[in-house]
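Notes to accompany the following structure.
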Amino acid sequence: MFVCWCGSNIAATVDVEAVTEAVRTEPGVVVATNSQYMCSEGWQSSIRNAVAEHKLTGIVVCACSPRMHEPTFRKAAAAAGMNPYMVEIANIREQCSWIHKDKPEATEKAIILARAAVAKLNLDKPLTAGESPVTKRALVIGGGIAGIQTALDIADAGYEVDIVEKSPTIGGKMAMLDKTFPTLDCSACILTPKMVDAAAAEKISLYTYSEVESVKGFVGNFTVEIRKHARSVNSELCTGCGVCMEKCPSKKTKSEFNQGLSNRSAIYIPFAQAIPNVPVIDREACIKFQTGKCGVCEKVCTAKAVDYEQQDEIVTKQYGAIVAATGFNPIKLDNFDEFAYSQSPDVITSLEFERLCNAAGPTKGHVVRPSDHEEPKTIVFVQCVGSRSTVDCGKTYCSKICCMYTAKHAMLLREKYPGTEVYVFYIDVRTPGKSFDEFYRRAVEEYNVHYVKGMVGKVAPEDGHLRVQASDLIADKQIIIDADLVVLAPAIEPDPSARALGTMLTASMDTNDFFTEAHPKLRPVESPTAGIFLSGVCQGPKDIPDTVAQAGAAASKVIGLLSKDKLIGNPCVAECNEPLCNGCSACELVCPYGAITYEEKPVFDHGVRETRRVASVNEALCQGCGACTVTCPSGAMDLKGFTNLQIMAEVDAICR
Amino acid sequence: MPIDEKGTFRPKIVAFCCNWCSYAGADLAGSSRLNYPADIKIIRVPCSCRVNPLFMLRAFQRGADGVIMCGCHPGDCHYTSGNYFARRRMTLLFGMLDYLGIEKGRTRVEWVSAAEGQKFAGTMNQFAETVKSLGECRRIEDLRCKESVG
Amino acid sequence: MLKLSISKTGELFAELSAARALYLPVEGGGQTTFSRYTPEADVRLDVLNTARSVKDFFLPQTEDIVAFKRAGKKISIIEDRASDEPFAVFGVRACDARSLDVMDRVFLSDPVDTFYKGRRENGVVISLACSEPAETCFCGVFGIDSAEPQGDVVASIVGDTLCWEAKTPAGEKLTETVKDVFSPASAEDEAAAEAQKKTTREIMRQLPLAGLKIDNWGSDELLEKFNSPIWGKLYQGCIGCGTCTYVCPTCQCYDIQDFDTGHGVKRFRCWDSCMYSDFTLMAHGNPRTSQLERFRQRFMHKLVYFPANNDGMFSCVGCGRCVAKCPISMNIAKVIRALEVRTNG
Amino acid sequence: MQRIRGMMRDRAAEMLRSGSVSKVLGWEKGEFAYDETPAIFTSADELCSDNELGGLVYDGFSSAMLSKYLINATKKDKEGKAPKALVFLKPCDSYSFAHLLKERKVERENVYAVGVECRGMLDIEKIRLKGAKSIKSVEESGDSVNVSSFTKDYTFPRGEVLLEKCVTCKGLDFKYCDEVIGGGNEINWNRLDRFAGVEMIEEMTPEERFNFWRGELSRCIRCNACRNACPVCSCNKCVFDNTDSGVQSKANADSFEENMFHIIRAFHVAGRCTDCGECSRVCPRNIPLQLLNRKFIKDIDALYGEYQAGEDIEQKSPLTDYQFGDAEPSVIYKRGGGV
């Protein structure tokens, strides 16, 4: 028992001598002493001497908050050859001397706090932190800008990294965009070099047209099965000449890349800059696969790359860290009848609009009405379609990017087609970002885009026009616009693959299926599950700069992890007393880290031997919160360092 | 009844504080020299979800007159979800104690962040005042623990 | 024999309770149990089985034995057993009255249990004859005459008259203190009482459990009974609760536990139940690891081991409480019936 | 009921004979008209016998729930093989069965669950309290119950002698059963709201509530019948039995332990309790224990949305789930009465 004066910080209101005397007779206390500054080097060496002289197995220090000097005293204990976790601290400064003025009162409280610490120490057990090796390879799931950036940064630090992308090419949503706000850079111009870098990087392996099949293990030691879907084209042999696509007789499939605004062949690459530049056969659309007759592509392929017999392949690999970068999709608008999206081809989504604007798009960059290929004169943009919505088919959150891209679209239109009238209907215009508000004001002021605060009530197709009924909340009146084209800004939602992935990774998700971060403020790019990191929109809506920033942040966290040879755990983790466990799964359900699994195990308890289902804690994953300990009715789950008996002993000592 | 020399009732109060927010909030109250009664003694737990209803009842058994639990604000839990579980558990437990006729003012949950030293001290002062006004806890007590002998 | 009009029992109880604590069957919470007499108490002399038996007064469910106090590193021993005060229990039925014989065998033989002895010496048992036995009663199987119970004083209710007869010196001493409320019984009263006894005995003979055969139980049957495969069938419904043992007037097993009060330790004893998985739990484990063994233990003890060690006295008195209260309606009567045939053929 | 029993016997015998199951969990006749015992039948002959003792029965006294017996009945043998058992489940029992499935105490493939029609179970205590003594036989006929004793015959309206748990029945649906014998999911007796009792207590002043519960809980003899009968209390070792738990206690040596045991007992099954009412039924001291469990159910329903344990085994139970916007514990202070 060591009592600190902390100069006069403690000694001024707590009678340090009295505390020392009072605790001297507590059970287990062998030596009790006090000093000016316990944390000073000199006193730490006296602690060492006391440990040696009295063969101490535990130490109580009455001093400042354990948040301040717990590591200091643990180190001192370890240096003295003691287990560092056999140290308890009674906080008699922050929680006693500093807040109480009356000396006898403060002294009495300090004695009680010291007794509680002794009571806890008497039940302390030496703890050893577990160690586990780290596999120095990372997996990035998703090959959009988030995944690419994360992979590039990790590879740049010298670690192996694999990208798994479910579509035939990397690039993601950004590849579909025409220009980017607020600088109006060409999206492809800034993305393609990164795609090429990713393909060229020695440390990066791409698994396109592939999905994660299963994830096992824990931080530093994940085992992942990756399903490589059959491309029906041998990537090693294919030269990317494109003849097969030209000759393919099945050309009536809607192009996913062009948002269904153009068609593609059954054997295809999604877009010209696709990486890898290797086609895949869409077996649903392929005549050979559907009827057995055709085989044109095989015949025309001089490289003999077409392989109809190719099967899905499962690749099993080890990783130390996993990054989720699964991205987003605009929500389906089938349930928004009021905007006539399903009824009229001239009601389009903003992503479709991007494709219309794009020089490589279906209209070579001419903005025309899909119905009659006429140039529209009056264009209406509707924001918050399904965002900030309370209806069932909508999302409660703000999708964050729509205000800015709508301003971009409106501006581009007015620049390219000065004769057009452009209306934007909005609930609020949100522009918190560098140069964002300036950008929006340019749209209004320089480009004379009509911004109308209010929601569109109905879009009705009417002899070649779209009758848009809306309310102008500022002018407080109903307005009707006969538009030629209506562009909707749908809410964005996490990619549907995220939910299943979340389960595999035991990474928690919110009700909208966005991945939850370990701490909303302080650990925004980590999942609560150790070793799982988050990059891009899978964590929440964000624009390209935010995505890239987060991608880099996730990469740096991964690098930090992979740079370690082994991980040293927190020994204050949950522990299952197997004979008591009744296998009810409650602990598993409340564990935010997926640290608890169940095993059939032989258990022996007081003469009864049986094999049954019991919980098992993965110490590498457990962070020691204790949620499981309270949810466990039998008390089988306990938390080392904060055991049930220890906390109750503290309660007893305090209430004595 | 524990009474000090001035003749006022000195309640026993146990406060469970989570390590990351409330305990740090208590430390901040300390370093800001914000006063609250010495009747309150803090027990550090990793997270509010570590607080078992058994501990609360144990405190009453051992003669506590009030028990308060503090944790991170909802949404700020160091372990993401611990305080949500704790919130449900405590809500149900307190409802049960009330149902058994035990004074509601003797139990409390408060969310205190590491930055809220002021709130911590304020909460403690208020809670101590409430418990003091309720007097010694008689409705859930263990007489064996109250005797001076044995 | 003395007598008293039933309408005047209030006076009797008031007199009895003046000098000592008086316990008698009182209704509360939908059940009748022995409670301390107050003028307001809803005394029920018609109820046969009290929810808890007379055992409570001589072997209470919990009882302080000794305490230890710690000051610093010094430990002192403090005697804190409650002092014995005189008391009387009124309305003890024949079965419960006999149960005290069983208990005496256990606690008054060497080494004598001084706690029990103190209470026995201070307690006067006023038994009450039965006139309307229930279908769950089977005291007759153990040779108990419910019409003529044992006790320090034996009371019976015949029509509107409470009859009172002291049977032991303690009973006589007690009677002396209340003799003023009684008048001597007449020859007709005696005759009516005798007639009632006859009727009661007749009903007893007709009860469904009257035919239970106990003669092939006892010490000679130990191994045959123990090894009978029938236990394997009987125990299956048992949920391992302690209801049967705690409502039983003769179950006498207890545990000794220490309670840390924070200031020291209170050592107390409390009832234990052989149905519990932690009964007889030792450091190495439990000698009876399955509910089958625990279930068998209870009945083997009552019907075989106890008589083997106590001159053939069974430690069941046929009160029927376990019959009425078992959550799954398994009970000693079913056990006796199922195993009544000589199991070795 | 005779007809139902016949169908039950036929079905179970067929399953045993064909070897589809190796045991049948049912009820067996007792010494009296009302003391049926749960029994495990392993042969069709045994099941169909009509001896004095023995043979499967089903009537108004088949109240003991069989669900919990499945835990032991389907335990793996030494070779690691689990026997398959047929179990008869009344509607409320089927929820408890479902909950055992949810907590993996019982594996679905080891059980053939047969739901059996229930018209509410009879309470022999209520029959006795109505004055019937020395009961010889109890016959149900329509809406009345005929009781004959050695001295007298009685007729009671069925609704007045039902078990309390049946008076407040939560419904006659079957959950997770392979088949149902009999049927009819309409409650044809005068059912009381299951939360009426809780509300009555909630409306008392804190003082009254305190006195009420002291009166009730002070009767507790710690026989553990409530715990051991509970299909959800299925820990291998209860904290109250575990000498290392820090809260072990075998008897209520102080009023605190009466409170402690029952608060924790109810809390440990909060969000898991299927509201079967076995705890109240088995209590030898007539303590209305279900009122504690139902308090939690009522609060859970009101604060976190209606939840019925055993309804859907995929659904998270309320104490292993949360919502950001859940009520704060201070919601308790806003309730009427007391400080």
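Here is how names work: the chains are called A, B, and so on, in the same order as the sequence lines, proteins then strands, and each is numbered from 1.
- Of the charged side-chain nitrogens involved, at least one lies within less than 4.0 Å of a carboxylate oxygen, so that A:Arg499 and A:Asp513 count as a salt-bridged pair.
- In this structure, chain B has a heavy atom under 4.5 Å from the backbone of A:Ala518, while its side chain stays farther away.
- B:Arg58 has a carboxylate O that lies under 4.0 Å from a charged side-chain N of A:Asp652, or vice versa, which qualifies the two as a salt bridge.
- Of the atoms belonging to A:Glu108, not a single heavy atom falls under 4.5 Å from chain B.
- One distance of note links OG1 of B:Thr107 with CZ of B:Phe60; it measures 6.0 Å at 0.5 Å rounding.
- Contact check on A:Glu105 versus A:Lys103 returns no salt bridge, with no Lys/Arg side-chain nitrogen under 4.0 Å from an Asp/Glu carboxylate oxygen.
- Top candidate by heavy-atom pairs under 4.5 Å with chain B, chosen from A:Pro592, A:Pro66, A:Cys572, is A:Pro66.
- Within the 3.5 Å criterion, the main-chain N or O of A:Val630 finds no donor-acceptor partner in the side chain of B:Asn52.
- For the set B:Val51, B:Asn35, B:Val45, the count of heavy-atom pairs under 4.5 angstrom toward chain A peaks at B:Asn35.
- The candidate with the highest count of non-hydrogen atom pairs below 4.5 Å against chain A, out of B:Gly63, B:Ser81, B:Ala121, B:Ala59, is B:Ala59.
- Residue contact with chain B, scored on non-hydrogen atoms closer than 4.5 Å, involves the backbone and the side chain of A:Thr631 alike.
- Contacts of B:Arg44 with chain A are made by both backbone and side-chain atoms, with heavy-atom separations under 4.5 Å.
- Across A:Thr516, A:Asn9, A:Ile112, the residue that shares the most heavy-atom pairs under 4.5 angstrom with chain B is A:Ile112.
- Comment: B:Lys146 engages B:Glu141 in a salt bridge, judged by a side-chain N to carboxylate O separation of less than 4.0 angstrom.
- With a 4.5 Å cut-off on non-hydrogen atoms, A:Lys120 does not touch chain B at all.
- Only the backbone of A:Arg656 comes within contact range of chain B, with heavy atoms under 4.5 Å apart.
- Residue B:Phe85 touches chain A through its side chain alone, counting heavy-atom pairs closer than 4.5 Å.
- The pair A:Glu70-A:Arg74 counts as a salt bridge, with a side-chain nitrogen and a carboxylate oxygen less than 4.0 angstrom apart.
- Among B:Cys47, B:Ala38, B:Ser48, the residue with the largest count of heavy-atom pairs under 4.5 Å with chain A is B:Ala38.
- The two atoms that bring A:Cys625 and B:Pro46 nearest to each other are O-CG, 3.9 Å, heavy atoms only.
- The part of B:Ile40 that comes within reach of chain A is its backbone (N, CA, C, O), which places non-hydrogen atoms under 4.5 angstrom from that chain.
- Between A:Asp124 and A:Gln646, the side chains place a donor N or O and an acceptor N or O closer than 3.5 Å (distance only, hydrogens not considered).
- The residues B:Glu103 and B:Arg138 are annotated as not salt-bridged, no charged nitrogen and carboxylate oxygen being separated by less than 4.0 angstrom.
- For B:Tyr84, no part lies under 4.5 angstrom from a heavy atom of chain A.
- Proximity to chain A is absent for every atom of B:Asp39, based on heavy atoms less than 4.5 angstrom apart.
- If you tally non-hydrogen atom pairs under 4.5 Å between each of B:Pro37, B:Ala29, B:Gly82, B:Cys18 and chain A, the highest count goes to B:Pro37.
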